[in-house]
Amino acid sequence: MIVPQPGFGPGKVILLGEHAVVYGHPALAAPLEWGVVARPLLSDRTSLVVPDEIRGKSRAALKRAFAVAAKRCGSPPVTLFLESDLPVSMGLGSSAAVGVACARSLLLSAGRSAEPEEVARIALEMEKEFHGTPSGVDHTTSAVGQLIEFRRKPGAPAGKARVVSSPKPLKVVIALAGTRPSTRVTVQGLRERAARWPERYERIFQEIGRVALEGARSVEAGDLDALGDAMNVNQGLLSALQLSSSSIEEMVQRLRAAGALGAKLTGAGGDGGAVIGLFANPKRALATLRRQGVHCFDSQVAGPRAK
Ligand code: PMV
């Protein structure tokens, strides 16, 4: 018997290591408290109601991705409706969250178990339709739903995640710094520069990977100052890779002036998108930034939560 079951996929922030992760280096990423819910209704076939705001190429990609997922999940006769709290194309993993929410709902509605590994496998198939050759960090973080150190060795079909536990609450402010190109375009631009000057770029990728591992150890040791410093250094390295912009840099400075222990772009960057700041207590910074007209939110991404 088919019992339609909803599925949730959280958005994500990359605390350390974006882009270098595409070249096989480690990254540190965490789920947000908000994301995408897929709500199913019984139907005569498997289908997805694509929200009106998803247009053009993204709409076509989502339809293709959903068809792949439906087949992998045994095509339960349900129609899925999506509800999202995530800004789209800002670096917060909205497409991965859609994939995870759909995979969970389809698997559960088909009477199958929705273990994170299986959800991640299906969401990866969907991500390939959106991004071409994703590292897998976005959908893995969303499927695991915990702070992870993620690495996909070159040539490996999928990445590996290690859950990183934080003895302290890890809280970030996410500020939006305007629109940005698609991840695919930014990743491709970097790929061209890295192919032209491979040694120089590989040195920077390696350094980013080391900073990500150091950051993971700082989290485990409860050393938020050291994690913040790793984020600041990572921002400098992303800037060296020409992935930052004046609007990103300005937002990074605003977050630091508001007391961030560290601040950097998150996700593909390029020309705008989301910038994150690490705060021991983000509420006052959030109020200050909002008074300045900054579009921002806060989220606890790891560690013990207040009851
Ligand atoms: O799509 P975004 O902005 O969340 O970026 C994903 C992270 C990248 O490292 C830039 C790409 C990837 O496949 O890992």
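Only heavy atoms go into these numbers, but all of them, side chains included; no hydrogens, no water, no symmetry mates. Order of listing sets the numbers, starting from 1, for every ligand and every atom in it.
- Summary of contacts: the protein heavy atom closest to atom 6 (C) of ligand 1 is Asp138 OD1, 3.6 Å.
- Nearest protein neighbour of atom 2 (P) of ligand 1, counting heavy atoms only, is Thr183 OG1, 3.4 Å.
- Contact annotation for Arg180 and ligand 1: only side-chain heavy atoms (C-beta onward) come within less than 4.0 Å of the ligand.
- Between Val187 and ligand 1, not a single N/O pair is under 3.5 Å apart.
- In this structure, Arg284 places its CZ atom where only 12 or fewer heavy-atom neighbours from other residues, nucleotides or ligands lie under 6.0 Å away.
- Counting atoms of ligand 1 from 1 in the listed order, those under 4.0 Å from a heavy atom of Pro134 are 13 (O).
- A donor-acceptor pair under 3.5 Å links the side-chain atoms of Arg152 to the main chain of Ala156, judged by distance alone.
- Close contacts of ligand 1 with Ile14, meaning ligand atoms under 4.0 Å from a residue heavy atom, involve 7 (C).
- Under a 4.0 Å N-O distance rule, the pair Arg305/Glu33 qualifies as a salt bridge.
- Not a single N or O atom of Thr133, backbone or side chain, sits closer than 3.5 Å to an N or O atom of ligand 1.
- Contacts of Lys12 with ligand 1, taken as heavy-atom pairs under 4.0 Å, involve the side chain alone.
- The residues Glu125 and Lys128 are annotated as salt-bridged, a charged nitrogen and a carboxylate oxygen being separated by less than 4.0 angstrom.
- Ligand-side atoms of ligand 1 in range of Gly91: 3 (O), 4 (O), range being under 4.0 angstrom from any heavy atom.
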